[in-house]
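What follows is a set of notes on a single structure, which appears directly below.
Here the structure is a predicted model, which means the values were calculated and not measured. One-based numbering along the sequence shown.
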Amino acid sequence: MIEYRYDTQLLIDGHDLDEDAINDYITEHFVGDSLLAVGFSEMIKIHYHTNEPWKVLEYCASLGEIYDIVVEDMDRQARGLKG
């Protein structure tokens with residue numbers, strides 16, 4: 001079984017976004033791995049493997065508008081099923 005089941009990806013559209021602060025917050029408050037928080041002050045792309053994607057989505061939504069949201073079940077994918 002995969003340790004962190006959900007591949008969580010999204011874009012945050014906002015103002016004065018700080019990719020380092022977002023990276024630090026996610027790392028400190030949510031359990032997971034493979035975090036990428038990249039972009040610039042008005043747009044950040046998030047990629048994170050976690051078992052609780054809804055918590056990451058809730059936090060990111062507090063920073064701005066979130067869209068292009070993808071949550072894929074990597075355990076199902078590993079078993080050859082649709083994620």
Side-chain angles (χ1 to χ4, degrees):
M1 181 159 175
I2 295 172
E3 184 174 6
Y4 300 112
R5 185 172 184 158
Y6 299 102
D7 178 6
T8 307
Q9 302 173 51
L10 63 126
L11 295 173
I12 308 169
D13 185 9
H15 301 285
D16 300 319
L17 298 171
D18 181 337
E19 64 186 42
D20 293 328
I22 294 169
N23 187 5
D24 292 345
Y25 187 92
I26 291 173
T27 301
E28 292 170 11
H29 291 89
F30 308 119
V31 178
D33 68 5
S34 299
L35 174 61
L36 292 174
V38 296
F40 52 94
S41 65
E42 296 178 355
M43 178 78 58
I44 300 287
K45 173 155 177 90
I46 301 294
H47 173 270
Y48 195 50
H49 297 169
T50 183
N51 289 328
E52 301 173 317
W54 53 90
K55 291 182 178 181
V56 176
L57 295 174
E58 182 176 40
Y59 165 67
C60 292
S62 75
L63 302 174
E65 183 179 355
I66 60 174
Y67 66 102
D68 284 353
I69 300 163
V70 176
V71 178
E72 296 179 320
D73 186 333
M74 296 185 297
D75 183 60
R76 286 182 57 85
Q77 289 175 341
R79 293 183 284 136
L81 304 171
K82 292 189 176 191

**Report entry** For the student: nearest non-hydrogen atoms of Asp7 and Gln9, plus distance
**Finding:** OD2-NE2, 3.1 Å
Report task. Determine whether Val70 and Ile46 fall in the same hydrophobic cluster, where Ile, Leu, Val, Met, Phe, Trp and Tyr are linked whenever their side-chain heavy atoms lie under 4.5 Å apart. Result -> no
Requested in this report: Give a yes or no on whether Ile12 and Ile69 share a hydrophobic cluster (residues Ile, Leu, Val, Met, Phe, Trp, Tyr; joining criterion: side-chain heavy atoms under 4.5 Å apart).
Outcome: yes
From [X] atom [atom1] to [Y] atom [atom2], the distance as rounded to the nearest 0.5 Å:
| X | Y | atom1 | atom2 | value |
| --- | --- | --- | --- | --- |
| His15 | Asp13 | NE2 | CG | 7.0 Å |
| Ile22 | Ile44 | CD1 | CD1 | 4.5 Å |
| Met74 | Tyr6 | CE | OH | 10.0 Å |
| Leu17 | Met43 | CG | CE | 9.0 Å |
| Lys45 | Leu10 | NZ | CG | 7.5 Å |
| Glu28 | Asn23 | CD | CG | 9.5 Å |

Which atom pairs, one a donor and one an acceptor, fall under 3.5 Å between side chains of residues 54-68 and the rest of the protein, sequence neighbours left out?
| residue | atom | partner | partner atom | Å |
| --- | --- | --- | --- | --- |
| Lys55 | NZ | Glu52 | OE1 | 3.2 |
| Lys55 | NZ | Glu52 | OE2 | 3.4 |
| Ser62 | OG | Tyr59 | O | 2.5 |

Report task. Give a yes or no on whether the backbone of Glu3 and the side-chain of Asn51 come within a donor-acceptor separation of less than 3.5 Å. Result -> yes
Query - Thr50 side-chain N/O to Val31 backbone N/O, donor-acceptor pair under 3.5 Å - result: yes
Query raised in the report: Partners of Asp18 by salt bridge (charged side-chain N to carboxylate O under 4.0 Å, His left out), sequence neighbours excluded?
Result: none
Requested in this report: Just jot down the side-chain contact (heavy atoms from CB on, under 4.5 Å) partners of Asp33, sequence neighbours excluded, or say none.
Outcome: Tyr4, His49
